[in-house]
Amino acid sequence: MIKNHFYDIVLKAVREAFSEVDTEALRIDILKPRKPEWGDISTNAPMIMSKVMKIPPKEAANLLILRLNEINDSLNNSFASKIEFAEPGFVNIFFSRKFIIKILRVILKEREGFGVCSEKKGLGYLIEYVSANPTGPLHIGHGRGAVFGDVISKILISQGYDVLREFYVNDAGAQVKNLVVSVIERMKEIEGKGEALIPDDGYKGEYVKEIAKELILREGISYEMVDKEFDKIRDFSIGYMLTKIKKTLADLGVKFDSFYFEKSLFDKGLVERCIQDFERESKVFEKDGALFLKIDSAEGDKDRVLRKSDGHYTYFASDIAYHKDKFEREGGRYKKLINVWGADHHGYIPRMRSAIRLLGYDPDSFIVVLVQMVKVLKSGKPIKMSKREGDFVTLDEIIREVGKDATRYTFLMRKSDAQLEFDIDILKSHSLNNPVYYAQYGYARICSILRRASECGIKIDEIVSPEDEFDGLRLQEELDLIKKMGEYPDLLDTIAKSLEPHLLVYYIQELQSMFHQYYTKYKKTEKVLSDDPLKMKGRLALVLALKNVLKNAFDLMGIDAPERMSLKGEEDEE
RNA sequence: GGGCCAGUAGCUCAACGGAUAGAGCAACGGCCUUCUAAGCCGUAGGUUGGGGGUUCGAGUCCCUCCUGGCUCGCCA
């Protein structure tokens, strides 16, 4: 990775220039300058050293530049063509041509492995996302969490982390009971035994009628039998919804390694055992017939009920047991638990953190990514959503109307902690302006060039070798594209650490924009398929590398990499 | 009232504490005899909600106020 590479070099230069200084404690940054005239990579080391040494930044910079030039000259593959000071206290490094070509060669050599960190980190992440109640179809908000969890998992895996993707199925609580009651009422209605009386906390959506219908038709359960068959109705209803949910997730390209059932925690006695441990350690107390967990108010919360006065356990109780299980599973394989939650759960975080600490684990190993609400607009007006009222936009509907790729891309474009507006009409009617097509179009354009080359009898694989010097690549835009591609591995590393996959979308937009500019500017004068064999070879290599980086990024984002896109005028009327 | 998130161009959003705050959409004006115009170029658009502070440097960190969303159950 380029940043690490230069960090080592700069640090070496700092140590040589200021041997008496302890460099460990310093915050020397390597950054990518925004302007080309500030070089390809730069460091704030002069400002830092200026402060430490009490000398002007310029003086510190000159000492550093002297050392950096020595290092640069000592290598047979020098990395810099120019190293210079810039106000107020930066050292800017301009990459040498050799260094840039080396990046290209690495991409061609590593192919789908480019950006992937081959070094195994040995750190286990258990990522929980979506985790919707199986009491209704997924709505658009679930979709955002689903895509976020899916992409961040793939990126963590690519960076050498050990990852388990899990869906926690809340199949044990009161909500499930509410669903069953609602289903039974619908059965009554369908069989003409009376009006369906859906309680206030029941579910009113159409899908409840479907479940009831299926139960009668396929399972042969009639309304008279409901008291005896309560468990069967519950299991069927949950199974039915879960199948629907899995189908939706599959349509969205979201994967899981495991579905973990809340009910299994009770069946295995894990909730009971967890409570007993707390009791033995005097971490709980009884009041008004309920069992409370003692939570230090300094941690931003208050005592919370684990077992209700009616003897049932709360969601909190089973969730504690669930987290304990996550930590203990496979001999403690998962050191970090990432939970992707809807923002309406933020008030739940302090009590869970406290519980993690009371379990004897480090609260910092419990990471919550809050995904903010999705505001759905239709004709510019917000739509109120309530699962119980059955009044909401389902994720299925969105996928059907705007497509998997556009849905994923729209979710990925925003930081998770920013609210998102999802205007269905705009995404439908202006679907051709959707940014996802911009990204895919560039890929298709590259494929088109390569296709054309093959049609012309050019044997690309024979011409382009990763060992080449690519002397035909001389245009500034070509070298800039390679440098941009060189940022890709650093970017993935950053995303894995910050859990901010939207950065990948912005990177792809920039890379595509650079390519489109290059393409348009030279399509009359300096084509990829040039008459000059040296130029053509270099440009084919460039285009192959671009295709490779785009494909790798698309795979991580879970969107298609289309070999071609239909031309304007051929598209379906929408 | 307490807590969490946000407030950046007309709209939707970017910007590891770094240098002159950037994209897309919308508006306006241009570019197809071409390796795909779902593209490109140009114009216009800003006191980063207000006010203090921290430092070489603040959209970014701290304090405070204002506005919006969410949340404060023995629901999940």
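Worth saying up front: this structure is predicted, and the values here are computed from it rather than measured. Each chain gets a letter, A, B and so on, in the order the sequences are listed, and its residues count up from 1.
In this pair, A:Trp38 lays its aromatic ring flat on the base of B:A19, centres within 5.5 Å and planes under 30 degrees apart. By the 5.5 Å and 30° criteria, A:Tyr506 is not stacked with the base of B:A23. In this pair, A:His345 lays its aromatic ring flat on the base of B:A76, centres within 5.5 Å and planes under 30 degrees apart.
Applying the Watson-Crick and G-U wobble criteria (two distances, each under 3.5 Å), B:C31 pairs with B:G39. Across all strands shown, B:C66 is found opposite B:G7 as a Watson-Crick or G-U wobble partner, with both distances under 3.5 Å. Across all strands shown, B:U55 has no partner, as no Watson-Crick or G-U wobble contact with both distances under 3.5 Å is found. With a 3.5 Å ceiling on both atom-pair distances, B:U47 lacks any Watson-Crick or G-U wobble partner.
Nearest to the side chain of A:Lys308, among B:A19, B:A76, B:G3, sits B:A76. Side-chain proximity of A:Ile449 to the nucleotides B:C4, B:C35, B:C74 is greatest for B:C35. Here the side chain of A:Ser309 is nearest to one of B:C74, B:C35, B:C56, namely B:C74. Closest to the side chain of A:Thr520, out of B:A19, B:A76, B:C40, is B:C40. The side chain of A:His502 lies closest to B:A14 when the candidates are B:A21, B:A14, B:C4. The A:Ser448 side chain lies nearest to B:C35 when the options are B:C35, B:C16, B:C4.
Under the 6.0 Å distance and 45° angle rule, A:Lys82 counts as a cation-pi partner of A:Phe94. Under a cutoff of 6.0 Å and an axis angle of 45°, A:Arg304 and A:Phe292 do not form a cation-pi pair.
Taking atom CG of residue A:Leu420 and atom C1' of nucleotide B:C5, one finds them 14 Å apart after rounding to whole Å. Atom CZ of A:Arg351 is separated from atom C1' of B:C75 by 10 Å (rounded to the nearest Å).
Put simply, A:Lys523 has no side-chain N or O that comes within less than 4.0 Å of OP1 or OP2 on B:C32. For A:Tyr519, no side-chain nitrogen or oxygen approaches OP1 or OP2 of B:C41 to under 4.0 Å. Taking side-chain N and O atoms only, A:Arg34 has a distance below 4.0 Å to OP1 or OP2 of B:G22. A sub-4.0 Å separation between OP1 or OP2 of B:C70 and a side-chain N or O of A:Gln372 is absent. Taking 4.0 angstrom as the limit, A:Lys524 places none of its side-chain polar atoms (N or O) nearer than this to OP1 or OP2 of B:C32. Residue A:Lys527 places at least one side-chain N or O closer than 4.0 Å to OP1 or OP2 of B:C35.
You'll find a donor-acceptor pair under 3.5 Å spanning the side chain of A:Ser42 and the base of B:A19, going by distance alone. Judged by atom type and distance alone, A:Asn44 does not reach the base of B:A19 through any side-chain donor-acceptor pair under 3.5 Å.
For A:Phe167 and A:Tyr129, the gap between ring centers reaches or exceeds 6.0 Å.
Counting any heavy atom pair closer than 4.0 Å across all strands shown, A:Gln509 reaches no nucleic acid atom. Across all strands shown, A:Leu291 has no heavy atoms under 4.0 Å from either base or sugar-phosphate atoms. Residue A:Asp417 is classed as a sugar-phosphate contact, given heavy-atom separations below 4.0 Å to backbone atoms only.
For B:C32, the base adopts the syn conformation, since its glycosidic angle falls within 90 degrees of zero.
A pairwise comparison of heavy atoms in A:Ile65 and A:Glu84 identifies CD1-C, 3.8 Å as the closest pair.
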